[in-house]
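Following: one structure in structure tokens, then a few remarks.
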Amino acid sequence: MIDVRALKDDPAYRAGAEAKGVSADLLDELLAADDTRRGLQTEVEEMRATANASAKEIGKAAPDEREAKIAAASELKAELGAKEAVYSEASAKVDELILQVPNPAHESVPTGDEEAFEVVEVVGGTPDAPPLDHAAFGEAMGWTDNELGAAVSGSRFAYLKGAAVLLELALVQWTMQKLVARGFTPVIPPVLVREEMMVDAGFFPTDRNQVYEVNEDELFLVGTSEVPLAGMHRGDRLDAAELPLRYAGFSSCFRREAGTYGKDTRGIFRVHQFDKVEMFIWSSPEKSWEEHEMLRTIEQEIINDLGLPHRVINVASGDLGNAAAKKYDCEVWLPSEGRYRELTSCSNYTDYSARRLKTRAKGDDGTELVHTLNGTACAVGRTLLFLFEHWQQPDGSFVVPEVLRPFCGLDTIAPLA
RNA sequence: GGAGAGGUGGCCGAGCCAGGUUGAAGGCGCUCCCCUGCUAAGGGAGUAAGGAUGGAAACGUUCUUCGUGGGUUCAAAUCCCACCCUCUCCGCCA
């Protein structure tokens, strides 16, 4: 949820919203609606003050005066009820409009649509495709089985088998240890959450069609542990001195991938279920941009340690999504496709999400909303697939990246006979 | 799944059955002041959050909030309904 006051008073804030493609008309309409609402609020509150006062008087009044006073108060109440109806209508209007306004883009974000991104850094080259692409290699090694997945659960489900499972778990354990060393608290959160949590985390109503629902219990499978991590301090008033709070969540993630028919159908690039280590930070407003850079640094370090050539882009305003004020995508070179594909990303939501979550921090300068940030430490399945292409050898064997060896007890894996 | 108890301010805890001077007794904690050679003990004062509004500010006015959302009433922590959560016992279970 945006800050209407800032929208009114801060031209830069408003410009950031417009950079995201919000029409000036919508913003003006919102400001007007908010004005109307506040005016009505004052009126309603004045009437309530009168009503409250007369109710108190009745309590103190002599028995013979009561009848008359109650009658008068009754009349007041009817008037108040009518005014309240008008007010709540005006309120609903504001709510409806405010939800349509995304978090304004930060000034350092390039303005424009998807293509307008800015390349921040390029690391490593753009090697040629190996003999087998990631999907074929996974199958050839007996590591992935999409056919079996489809038979048991449907398309976009896969089995992961053999050494790939050890690699998967090694990736998880390795990233977790790295994050713990950086002050993150490891968390395995619930993956089924209530509707209200989805709403507060900002995924509903916009992304509702991407989410699996367990009807019987009115629970929803999370598409990312960002959701339950955001729930950890919902409604809390934190101590500003203990910020930033950094959490590293590990969970399976579930996505319906509605509307992606025919896209990325090979292998495990885009599947309904995958594991992910996610970073989530509650930061003071003053430090959030530093934290954002730190998230990017960690993501690049992980990618570099795995020997993956990549680039980082500063995502353009029109492609940011609702909540992010700024987002970096780390895109790894996928040789078989001859292009960079997204592996991880990190966003600063500033106070957009915290406003709905009602997470504030109390410090010497009073209480203020915190900033929330999130980033992918390791999207495990997708990471594996990049490794399949980059660490596949001409003889069909697979070399395990150095950093993972202590975690899986493997170094070179021979092809199946 | 069955039976019962309960959710009140930073924390503990009264109030609820008999609705009104209770935004909430009392205690703990915290802040400031006094006393004290230091510490301990003691005395005094203060101490919920969020919103709107006035003010440069200090601060003032007002609304909302006693798990959440509705309802009854001139008036709800207190009565009614629904939901959420916690605890105890029984059953079941990785």
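Naming: A, B, ... by sequence-line order, numbering from 1 per chain.
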**Prompt:** So which pairs with a foot in residues 105-115 of chain A pass salt bridge (Lys or Arg N to Asp or Glu O under 4.0 Å), sequence neighbours left out?
**Reply:**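 Matches after skipping sequence neighbours: none remain.
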**Request:** Name all pairs fulfilling the salt bridge (Lys or Arg N to Asp or Glu O under 4.0 Å) condition that reach into residues 30-50 of chain A, sequence neighbours left out, sorted by first residue then second.
**Result:**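 Every salt bridge (Lys or Arg N to Asp or Glu O under 4.0 Å) pair that includes a residue of residues 30-50 of chain A, provided the two are not neighbours, is A/Lys8-A/Asp35, A/Asp34-A/Arg37, A/Asp34-A/Arg38, A/Asp35-A/Arg38, A/Glu43-A/Lys83, A/Arg48-A/Glu84.
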Spacing of the [atom1] atoms in [M] and [N] (rounded, Å):
| N | M | atom1 | result |
| --- | --- | --- | --- |
| B/G9 | B/C66 | P | 10 Å |
| B/G51 | B/C34 | C1' | 39 Å |
| B/C84 | B/C30 | C1' | 32 Å |
| B/A75 | B/G19 | P | 15 Å |
| B/C12 | B/C17 | C1' | 24 Å |
| B/C28 | B/C83 | C1' | 34 Å |

**Prompt:** Do the charged groups of A/Glu65 and A/Lys60 touch, with an N to O distance under 4.0 Å?
**Reply:**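 Between A/Lys60 and A/Glu65 there is no salt bridge, as every charged N stays at least 4.0 Å from the carboxylate O atoms.
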**Message:** Could you check whether A/Glu278 pairs with A/Lys276 (Lys NZ or Arg NE/NH1/NH2 to Asp/Glu carboxylate O, under 4.0 Å)?
**Reply:**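 Here A/Glu278 pairs with A/Lys276 in a salt bridge, since their nearest N and O are under 4.0 Å apart.
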Is there any side chain to side chain donor-acceptor pair (under 3.5 Å) pair reaching into [range], and which pairs are they, with sequence neighbours excluded?
| range | value |
| --- | --- |
| residues 11-22 of chain A | A/Arg14-A/Glu18, A/Arg14-A/Asp28 |
| residues 172-197 of chain A | A/Lys178-A/Glu301, A/Lys178-A/Asp305, A/Arg182-A/Glu301, A/Glu195-A/Arg208 |
| residues 226-239 of chain A | A/Asp200-A/Arg234, A/Glu226-A/Tyr349, A/His233-A/Asp236, A/His233-A/Tyr247 |

Distances under 3.5 Å between nitrogen or oxygen atoms of protein and nucleotides 18-21 of chain B:
from	atom 1	to	atom 2	distance (Å)
B/G20	O6	A/Arg66	NH1	3.2
B/G20	N2	A/Ala55	O	2.8

**Message:** Nearest 0.5 Å, please: how far is NZ in A/Lys69 from OG in A/Ser54?
**Reply:**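 Going from the OG atom of A/Ser54 to the NZ atom of A/Lys69 covers 9.0 Å.
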**Prompt:** Rounded to whole angstroms, how far apart are CE on A/Met47 and P on B/U61?
**Reply:**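 Rounded to the whole Å, the gap is 23 Å.
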**Interatomic distance, A/Arg48 CZ vs B/A75 P [rounded to whole Å]** =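 Atom-to-atom, A/Arg48 to B/A75, this comes out as 12 Å.
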**Asked** Is the distance from OP1 or OP2 of B/C63 to the nearest side-chain N or O of A/Asn52 less than 4.0 Å?
**Response**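 Yes, A/Asn52 has a side-chain N/O under 4.0 Å of OP1/OP2 on B/C63.
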**Prompt:** Above 12 or not: heavy atoms from other molecules or residues under 6.0 Å from CD of A/Glu402?
**Reply:**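 Open.
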**Interface residues of residues 74-87 of chain A with RNA chain B (non-hydrogen, below 4.0 angstrom)** =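 RNA chain B contact set from residues 74-87 of chain A: A/Ser74, A/Lys77.
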**Asked** Which range-with-range stems can be found for RNA chain B when each stem has 3 or more Watson-Crick or G-U pairs in a row and both distances sit under 3.5 Å?
**Response**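 Paired runs of 3+ in RNA chain B: B:1-7 with B:84-90, B:10-12 with B:26-28, B:29-34 with B:42-47, B:48-54 with B:59-65, B:67-71 with B:79-83.
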**Request:** For A/Trp391, enumerate each residue passing the ring-ring contact (aromatic ring centres under 6.0 Å, His included) test, keeping only those at least two apart in sequence or located in another chain.
**Result:**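 Partners of A/Trp391 under the ring-ring contact (aromatic ring centres under 6.0 Å, His included) test: none.
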**Message:** Just to verify, what does A/Tyr328 make a ring-ring contact (aromatic ring centres under 6.0 Å, His included) with, not counting sequence neighbours?
**Reply:**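 By the ring-ring contact (aromatic ring centres under 6.0 Å, His included) rule, A/Tyr328 matches A/His292.
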**Message:** One character per nucleotide, please: for nucleotides 49-58 of chain B, 5' to 3', B when the base has a protein heavy atom closer than 4.0 Å, S when only the sugar-phosphate does, - otherwise.
**Reply:** SSBSS-----
**Prompt:** Which atom names give the shortest non-hydrogen contact between A/Ser345 and A/Asp329, and what distance separates them?
**Reply:**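 So the minimum-distance heavy-atom pair works out to CB-OD1, 3.0 Å.
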Quick one: side chains of residues 407-417 of chain A, donor-acceptor pairs under 3.5 Å with protein atoms, not counting sequence neighbours, listed by atom name and distance.
none

